[in-house]
Amino acid sequence: SNKAKVSAVTISEKTGTAGMNMKFGDFRSVDNITYPAQIMIEDILAKTQISIRIVSVDFKDKSKLEFIPGKNYERIILK
């Protein structure tokens, strides 16, 4: 499709501080919804890299993901 897609994002608290880069690729469409099948996350210093490959997606389930504090979910800072 001709829709514009975000292909990269840099996240940091302040300009010049350590943060992370996220890259998106291999865009696919299901039910007229476009998503990246490949997601790459790496820290700006390039010491750690995480690669995520999405094999299949079901967009029919419209329920919202909910994270409830105290239910064995925790926020951690990726270092």
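Since the structure is predicted, the reported quantities are computational estimates derived from the model, not experimental observations. Residue numbers count from 1 along this sequence.
- Across every non-hydrogen atom of Ser29 and Thr34, the tightest pair is OG-OG1, 3.1 Å.
- Contact detail for Ile41 and Ile52: the closest heavy-atom pair is CD1-CD1, 4.1 Å.
- Applying the side chain to side chain contact (heavy atoms under 4.5 Å, CB included) criterion to Ser51, with sequence neighbours excluded, gives Gln38, Met40.
- Counting heavy atoms from C-beta outward, Phe27 and Pro36 have side chains that approach closer than 4.5 Å.
- Applying the salt bridge (Lys or Arg N to Asp or Glu O under 4.0 Å) test to residues at least two apart or on different chains, the pairs with a partner in residues 27-38 are Asp26-Arg28, Asp31-Lys60.
- For Asn21, the side-chain hydrogen bond (donor to acceptor under 3.5 Å, both in side chains) partners at least two apart in sequence or on another chain are Thr10.
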